[in-house]
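These notes are about the structure you will find just below.
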Amino acid sequence: MSTTERSTAQQPGFGQRSASTAIGNWFSDGWITTRRNLIKIKRVPDILVFTTLQPIMFVLLFTYVYGGVVKIPGSNYTEFIMAGIFAQTVVFGSTYSGSAMAQDLKDGIIDRFRTLPMSPSAVLIGRTNGDLLINAISMAVMMTTGFIVGWRIRSSFLEAAAAVALLLLFAYAFSWVMAFIGMSVRSPEVINNVSFLVLFPLTFISNAFVPSNTLPTPLRIFAEFNPVSALVQAARELFGNVPPGTPVPDNWAQQNPVLTVLIGITALLLVFVPLAIRKFAQVSSR
């Protein structure tokens with residue numbers, strides 16, 4: 001065996017590092033893969049352009065097209081709708097984790113990572129962290145656009161910051177769900193169809209765009225127990241945009257939306273982080 005062959009044979013792959021430096025290496029690997037995804041955005045600016053154009057389009061569309069038709073007693077539709085647009089955008093933004101993972105598998109990028117002495121979870125951490133930054137940029141763009149069209153924060157700075165953090169944390173947790181799905185499908189095209197089939201009902205059959213009490217009974221029941229409705233209600237409360245006199249559904253999730261969302265975020269992370277890491281180990285060993 002030649003020197004080159006011996007070097008290749010001895011080259012460690014995923015997870016082959018000493019336990020004494022495992023934590024430090026895990027953080028280092030996570031940062032390196034996160035940086036790789038951020039550099040990719042810089043080199044392919046179309047990703048960022050279309051990511052920021054979509055929230056602007058939604059804000060303008062719902063404000064000016066539906067704002068004059070939908071009446072919200074005690075408030076205006078712009079302030080009512082913004083929390084719904086925030087929630088919809090960050091949830092849809094998390095789907096990029098799934099499509100990007102499916103694309104990396106198709107292009108053979110994961111095979112290249114296997115030859116490196118790095119933690120297998122680092123690839124997923126870099127993917128979800130990069131998408132968290134994209135969602136943060138989208139939030140900033142939406143908030144700026146909202147202020148231009150008349151949306152205002154009626155609460156304190158800390159409450160508003162908590163609303164933004166809650167939205168981004170939910171998006172981050174959902175990114176792990178989509179990353180798992182992205183590794184479970186056979187092509188990047190499939191993940192887009194799956195995402196829309198799941199996310200469209202969740203976002204539109206909710207209290208995001210109209211009060212849930214205006215919906216027909218079957219849809220109203222679905223909307224009141226919809227996790228997106230809890231996220232929207234939590235964001236409205238923290239931004240101070242809950243219309244006065246608007247009835248809150250008599251169920252625990254809607255009465256305690258912030259706590260409901262925090263429980264949901266924790267549950268998603270506890271379930272799908274291990275599942276995604278295990279799935280990644282399976283697909284990378286093929």
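Leu197 and Ile181 fall into different hydrophobic clusters, where Ile, Leu, Val, Met, Phe, Trp and Tyr are joined by side-chain heavy atoms under 4.5 Å apart, directly or via other members. Hydrophobic clustering (side-chain heavy atoms under 4.5 Å, transitive across Ile, Leu, Val, Met, Phe, Trp, Tyr) keeps Val164 apart from Phe157. Linking ILVMFWY residues whenever their side-chain heavy atoms come closer than 4.5 Å, directly or via other members, places Val271 and Val198 in the same cluster. In the hydrophobic clustering of this structure, Phe209 does not group with Val242; members are Ile, Leu, Val, Met, Phe, Trp, Tyr whose side-chain heavy atoms approach within less than 4.5 Å, directly or through other members. Using a 4.5 Å cut-off between side-chain heavy atoms of Ile, Leu, Val, Met, Phe, Trp and Tyr, with links allowed through other members, Leu60 and Ile148 fall into different hydrophobic clusters.
The aromatic ring centroids of Phe239 and Phe86 lie less than 6.0 Å from each other. Taking the six-membered ring for Trp and the full ring otherwise, Phe92 and Phe200 have centroids separated by under 6.0 Å.
The shortest distance between side-chain heavy atoms of Arg152 and Thr78 does not fall below 4.5 Å. For the pair Val228/Val232, a side-chain contact is recorded, criterion being any heavy-atom separation below 4.5 Å from C-beta on. Side chains of Phe170 and Leu166 form no contact here, defined as non-hydrogen atoms less than 4.5 Å apart. At a threshold of 4.5 Å between non-hydrogen side-chain atoms, the residues Leu202 and Val91 do not count as touching. Counting heavy atoms from C-beta on, the side chains of Val177 and Phe180 never come closer than 4.5 Å. Side-chain atoms of Thr260 and Gln254, non-hydrogen and from C-beta on, never get closer than 4.5 Å to each other. Between Asp131 and Met178 there is no side-chain heavy-atom pair separated by less than 4.5 Å. Side-chain contact between Leu199 and Phe204: absent, with no pair of heavy atoms (C-beta onward) separated by less than 4.5 Å.
Of the inter-residue distances, the one linking Ile205 atom CD1 with Leu219 atom CG reads 5.5 Å to the nearest 0.5 angstrom. With rounding to the nearest 0.5 Å, the separation of OG in Ser184 from CD in Gln282 is 8.5 Å. How far CG of Asn241 is from CD1 of Ile153: 8.0 Å, rounded to the nearest 0.5 Å. The line from CZ of Arg236 to OG of Ser155 is 14.0 Å long, rounded to the nearest 0.5 Å. Note that CG of Leu133 is 9.5 Å distant from OG of Ser138, once rounded to the nearest 0.5 Å. To the nearest 0.5 Å, atoms CG (Leu269) and CG (Leu169) are separated by 8.0 Å.
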Would Phe222 and Asn226 count as a side chain to side chain contact (heavy atoms under 4.5 Å, CB included) here? Give the steps. CA-CA 6 Å; Phe222 178 87; Asn226 185 345; 3.8 Å; yes
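Put simply, the side chain of Thr203 never gets that close to the backbone of Gln88: no donor and acceptor are under 3.5 Å apart. Remark: the backbone N or O of Ser229 is paired with a side-chain donor or acceptor of Asn207 at under 3.5 angstrom. A donor-acceptor pair under 3.5 Å is formed between the side chain of Glu159 and the backbone N or O of Ser156.
Among all heavy-atom pairs drawn from Gly146 and Met82, the shortest one is CA-CE, 3.8 Å. Annotation for Pro257 and Ala234: closest pair CB-N, 3.6 Å, computed over non-hydrogen atoms. Ala253 and Ala230 get closest at one heavy-atom pair: O-CB, 4.4 Å. Here the closest non-hydrogen pair linking Gln255 and Pro249 is NE2-O, 3.1 Å. Scanning all heavy atoms of the two residues, the minimum distance from Met142 to Pro55 falls at CG-CB, 2.9 Å. Counting all heavy atoms, side chain and backbone alike, Leu238 lies closest to Ala162 at CD1-C, 3.9 Å.
In this structure, Phe225 shares a hydrophobic cluster with Ile221, the cluster being traced through Ile, Leu, Val, Met, Phe, Trp and Tyr side chains under 4.5 angstrom apart. Hydrophobic cluster membership for Leu259: Trp252, Ile263 (Ile, Leu, Val, Met, Phe, Trp, Tyr linked by side-chain heavy atoms under 4.5 Å, directly or transitively).
Contacts of Tyr77 classified as side chain to side chain donor-acceptor pair (under 3.5 Å), with partners at least two apart in sequence or in another chain: none. Contacts of Glu224 classified as salt bridge (Lys or Arg N to Asp or Glu O under 4.0 Å), with partners at least two apart in sequence or in another chain: Arg220. The salt bridge (Lys or Arg N to Asp or Glu O under 4.0 Å) check on Arg154 picks up Glu79, with sequence neighbours excluded.
For residues 122-150, the pairs satisfying ring pair (Phe, Tyr, Trp, His ring centres under 6.0 Å) are Phe147-Trp151, with sequence neighbours left out.
Using the six-membered ring where Trp is involved, Tyr172 and Trp176 have ring planes that are perpendicular, over 60° apart on the 30 and 60° scheme.
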